[in-house]
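Notes follow once the structure below has been shown.
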Amino acid sequence: TGRLPNSKQGDGKPRLLLMGQRRSGKSSISSVVFHKMPPSETLYLETTTRITKDQMHSFMDFQVWDFPGHLDYFDPAFDVDNIFGEIGALVWVIDAQDEYLDAINRLNTTILNLQQHYPSINVEVFVHKVDGLSEDYKSDTFRDIIQRVQDELSDNGYENAPVSFYQTSIYDHSIFEAFSKVIQKLIPQLPTLESLLNSLCSTCRIEKAYLFDVLSKIYIATDTSPTDIGSYEICSDYIDVIVDISEIYGWDRSNPDAQKTGDSSAQDVSGDSGNDDAESLITMEKKGSNYLYLREINKYLALICIMSEDSPTEKKALVDYNVSIFQEALQKVFQR
Amino acid sequence: MNPSNPQPKRQKQRKVLLMGKSGAGKSSMRSIVFSNYVAKDVRRLGATIDVEHSNIKFMGNLMLNLWDCGGQDGFMEHYLTRQREHVFGSVTVLIFVFDIESREFPADVINYSNIVRALEECSPSAKIFCLVHKMDLVQAQLRERLFVERSEYIRAASEGFKGAVEFFATSIWDQSLYKAWTQIIYYLIPNASTIETLLRQLGEVIDAREIILYERTTCLMVTHVTRGEEDRNPFTDRFERVSSILKTHKQSMAKHTGMPATSANFAEMHVKTGRFMFFITRLTENTNLAAVIPPSEQIFNAARLNILLARHKFAELDIASKPRMDMSQA
Ligand SMILES: Nc1nc2c(ncn2[C@@H]2O[C@H](COP(=O)(O)OP(=O)(O)OP(=O)(O)O)[C@@H](O)[C@H]2O)c(=O)[nH]1
Ligand SMILES: Nc1nc2c(ncn2[C@@H]2O[C@H](COP(=O)(O)OP(=O)(O)O)[C@@H](O)[C@H]2O)c(=O)[nH]1
Ligand SMILES: [Mg+2]
């Protein structure tokens, strides 16, 4: 019954299905990650009562389906094929600040069901709202949840089911990091991207390079040197700086009545209307500190590099040159 | 005024009172603006006991003596009675913080009124800024109306300051905090107009669309010069937004590299796009200069050089002073 992940059918857009108990934070997650809602405003979100489908247009198109908490997906009346028939991932959200046994039971039932009919769907478990928890409690909870799911899986002979766990919160970068990893699994070109980044890093002695989807701040690839959350966060914050400044000063000067309320031009992050790709460099005052380099790759993607130690002015030409080679190579990988 | 006239390098002390009821958010905003806290960190703050003094060196010779006055009833009582002269004497600015969520707004205003009377008595030439704070807790579409309502009500209770008191809606969670503090600081800076004249000249030389002077540690805007069509920039809140962007970036670098926030300064940042070029670099010991120029490498390189050359002029200004405020208050 299972299909290979790449045997596309229908519209062929990878799907992210957001499921979990009511109030676990699904709508908040999709609003914060995909609609730039400030985390504090999620307090005003209404309960989701219908499946909400979002189309995300980016370096690759995908859909995010937000499910109401109480649905029984395997109710025979439900068109499961329609839901799970596409490649994608099931993101299961568990509220770590709440009683979670019910949530786990439902998760386990769901995984077992999926294993029988759609074994290639990745199940990504977000242990969510960990911001309110003490370090100890957080890691205990995390371990406990993993244990309970794995026990159930191995009792049923599915030790190797594609299930992964993440600790997330909308109040910090963790939710974006988790989504990055979820989405990377859905990008067939990932190995190519990684090796391109690796070679860029070694030619220019770059410490760490990320390829970001600018709008969502999900990184779709990085070189294969060890990743620490700190460097991801620096780069992610750096994107904010560039996006915000580009928004503020990138207004359309040719338009004589540009004197309107400024908003919504955020999409126009940087210059698909201009001739040049946006570029940015930050050097630090303290000697020997890292410095940051950003280069817009295409409409959706930006390359961010963390470099250190040597003088950025001397190296700039080398980096610029190699980045443009990287950019050309990437154009062949993503034809858009 | 003659800016080139060497002035005695005397320090200007400015006493600034930060008042409002307990929990209104005074210490929170102080820590964010002046001590490199991020909004999340302020939950760690306890109630302020009595008065916490901080001396903040701002723009060379300007020294802010900030009095963060603990707002619990007992302390307030004290300020108004036994310490009346001590607290309310020789005040330049009173910043009064109202908590939008307060359930006893009328009572808050009565307290405010008492404070205002004490101020009028001891420092009649002081200036009042009222911050209607924690605006993030109000739904976006209700904010404006509520703010106007509250301001009117507070203004009516402002005694002799009725005409001059200024209001700001603020929250530590967005740039509104910077907007308010920028105005306050601008009021306190002794030589703003001299700085502006110099900036305007520099703007001509480098053909900038806009140049903005930021204080380095707080990232608050000192002043700016906007030229030509940049006047039509639809983002009228851009100065405080850039403040907030810079501050956030600094904190991000500090947090993720383990540097102390005070030393996580960038030497230079530039952003180049097809529509504009932006860069920000050190101008003087206490200031950073941001320049927005047309998208041209040539202009960019020339601008950087010219700023480098202009540094010494501003360096003098950083310390020289013209008592703009004392004159206007005479
Ligand atoms: N939602 C929200 N909460 C805020 C804001 N500013 C401060 N707070 C919270 O308000 C609480 C009290 O803040 P403080 O700064 O300690 O209050 P204070 O005015 O100094 O109080 P006293 O020192 O007792 O006079 C803290 O828990 C802050 O997190 C804001 O803009 N929005
Ligand atoms: N502390 C905390 N609260 C969160 C987080 N994510 C969501 N919430 C809150 O959880 C509540 C329910 O979220 P919602 O998205 O409506 O849940 P849904 O029913 O699963 O869609 C809201 O009040 C959110 O503000 C988080 O990471 N941390
Ligand atoms: Mg306090």
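Every chain is numbered from 1, with letters handed out A, B, ... down the list of sequences.
In terms of modelled atom types and a separation under 3.5 Å, the side chain of B:Arg232 and the main chain of A:Arg253 share a donor-acceptor contact. Of the possible polar contacts, one joining the B:Asn233 side chain to the A:Ile248 backbone as a donor-acceptor pair under 3.5 Å is found.
B:Val271 touches chain A through backbone and side chain together, each having a heavy atom under 4.5 Å away. With a 4.5 angstrom heavy-atom cutoff, A:Leu292 touches chain B only via side-chain atoms.
Enclosure of atom NZ in A:Lys217 by more than 12 non-hydrogen atoms of other residues, nucleotides or ligands within 6.0 angstrom is indicated. The local environment of CD in B:Glu297 is crowded, with over 12 non-hydrogen atoms from other residues, nucleotides or ligands closer than 6.0 Å.
Between B:Ser252 and A:Asp237 the shortest heavy-atom distance is OG-OD2, 2.7 Å. Heavy-atom minimum distance, A:Ile282 versus B:Phe266: CG2-CB, 3.7 Å. When every heavy atom of A:Tyr44 is checked against every heavy atom of B:Leu137, the shortest pair comes out as OH-O, 3.3 Å.
Atoms CZ and OH, from B:Phe278 and A:Tyr249 in turn, are 6.0 Å apart once rounded to the nearest 0.5 Å. Atom NZ of B:Lys272 sits about 13.0 Å away from atom CG of A:Asp277, to the nearest 0.5 Å. How far CE of A:Met284 is from CD of B:Glu268: 13.0 Å, rounded to the nearest 0.5 Å.
With sequence neighbours left out, B:Glu215 forms a salt bridge (Lys or Arg N to Asp or Glu O under 4.0 Å) with no residue at all.
Counting heavy atoms from C-beta on, the side chains of A:Trp251 and B:Arg275 never come closer than 4.5 Å.
Residue with the most contacts toward chain B among A:Ile245, A:Asp244, A:Leu294: A:Ile245 (heavy-atom pairs, distance under 4.5 Å).
Of all residues in residues 200-210 of chain B, those placing a non-hydrogen atom less than 4.5 angstrom from a non-hydrogen atom of chain A are B:Arg209, B:Glu210.
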